[in-house]
Amino acid sequence: MIPRKYTIISKDDVDSIDFDQVLEGNETHLHYSLDGSKTLVKYRDEQPSFLWGKTEYTHSEILEVLATDEWTPDEPI
């Protein structure tokens with residue numbers, strides 16, 4: 001199986017997502033940062049063209065990002 005790749009984008013870029021090229025089915029499936037300013041998208045194979053120029057993360061790299069205070073609350077919700 002081809003491993004997943006991840007890219008973080010600004011909330012302002014959500015309208016540019018081609019949901020046929022990512023693993024999320026639509027906007028309601030996106031995972032946002034705690035302040036709502038960023039989200040991430042998952043895909044396989046090559047980075048979709050609407051994400052070109054943005055940093056691509058492996059699974060282990062994105063887990064490190066998601067473990068930060070920007071994405072994970074100090075106290076369980």
Side-chain angles (χ1 to χ4, degrees):
M1 183 177 283
I2 300 169
R4 291 179 179 179
K5 298 174 186 173
Y6 306 81
T7 297
I8 295 172
I9 63 171
S10 166
K11 175 186 76 163
D12 297 335
D13 293 331
V14 168
D15 289 340
S16 71
I17 298 173
D18 179 348
F19 286 99
D20 290 332
Q21 296 184 36
V22 296
L23 300 176
E24 292 80 11
N26 58 49
E27 189 174 339
T28 63
H29 293 111
L30 295 173
H31 179 87
Y32 284 88
S33 59
L34 293 177
D35 68 2
S37 67
K38 298 176 186 174
T39 188
L40 64 93
V41 290
K42 302 181 288 272
Y43 48 92
R44 297 187 195 278
D45 295 321
E46 298 298 318
Q47 190 176 46
S49 61
F50 67 89
L51 295 173
W52 286 352
K54 300 190 183 322
T55 303
E56 185 173 80
Y57 298 90
T58 64
H59 185 256
S60 60
E61 291 170 335
I62 203 67
L63 288 178
E64 288 181 27
V65 171
L66 295 178
T68 65
D69 292 342
E70 187 174 16
W71 294 87
T72 302
D74 290 334
E75 299 290 324
I77 297 176

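Hydrophobic cluster membership is shared by Val22 and Tyr32, with clusters built from Ile, Leu, Val, Met, Phe, Trp and Tyr side chains linked at under 4.5 angstrom. Cluster annotation: Leu51 is connected to Val14 through the hydrophobic network of ILVMFWY side chains, with a link wherever side-chain heavy atoms come within less than 4.5 Å. Under the 4.5 Å side-chain heavy-atom criterion for ILVMFWY residues, no single connected hydrophobic cluster contains both Leu63 and Tyr6.
By the neighbour-count criterion of 12 heavy atoms within 6.0 Å, atom CD of Glu61 is densely surrounded, having more than that number from other residues, nucleotides or ligands.
A distance of 9.5 Å separates OG of Ser33 from NZ of Lys11, quoted to the nearest 0.5 Å.
Annotation: side-chain hydrogen bond (donor to acceptor under 3.5 Å, both in side chains) contacts involving residues 63-72, sequence neighbours excluded, comprise Lys38-Glu70. Among residue pairs with one or both ends in residues 26-36, none qualify as salt bridge (charged side-chain N to carboxylate O under 4.0 Å, His left out); sequence neighbours excluded.
Tyr43 and Glu24 share no side-chain donor-acceptor pair at under 3.5 Å.
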Practice prompt. Would you please test Leu66 and His31 for side chain to side chain contact (heavy atoms under 4.5 Å, CB included) and show each step?
Written response: CA-CA 10 Å; Leu66 295 178; His31 179 87; 4.0 Å; yes
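With sequence neighbours left out, the ring-ring contact (aromatic ring centres under 6.0 Å, His included) criterion links His29 to no other residue.
When every heavy atom of Tyr57 is checked against every heavy atom of Val65, the shortest pair comes out as CE2-CG2, 3.9 Å.
In this structure, Asp13 pairs ionically with Lys54, as a charged nitrogen and a carboxylate oxygen lie closer than 4.0 Å.
Side-chain contact between Asp18 and Pro48: absent, with no pair of heavy atoms (C-beta onward) separated by less than 4.5 Å. Side-chain atoms of Leu23 and Arg4, non-hydrogen and from C-beta on, do get closer than 4.5 Å to each other. Side-chain contact check for Arg44 versus Lys5: every heavy-atom pair is 4.5 Å or farther apart.
For the side-chain contact (heavy atoms from CB on, under 4.5 Å) criterion with Leu30, the lone passing option out of Leu40, Ile9, Ile17 is Ile17.
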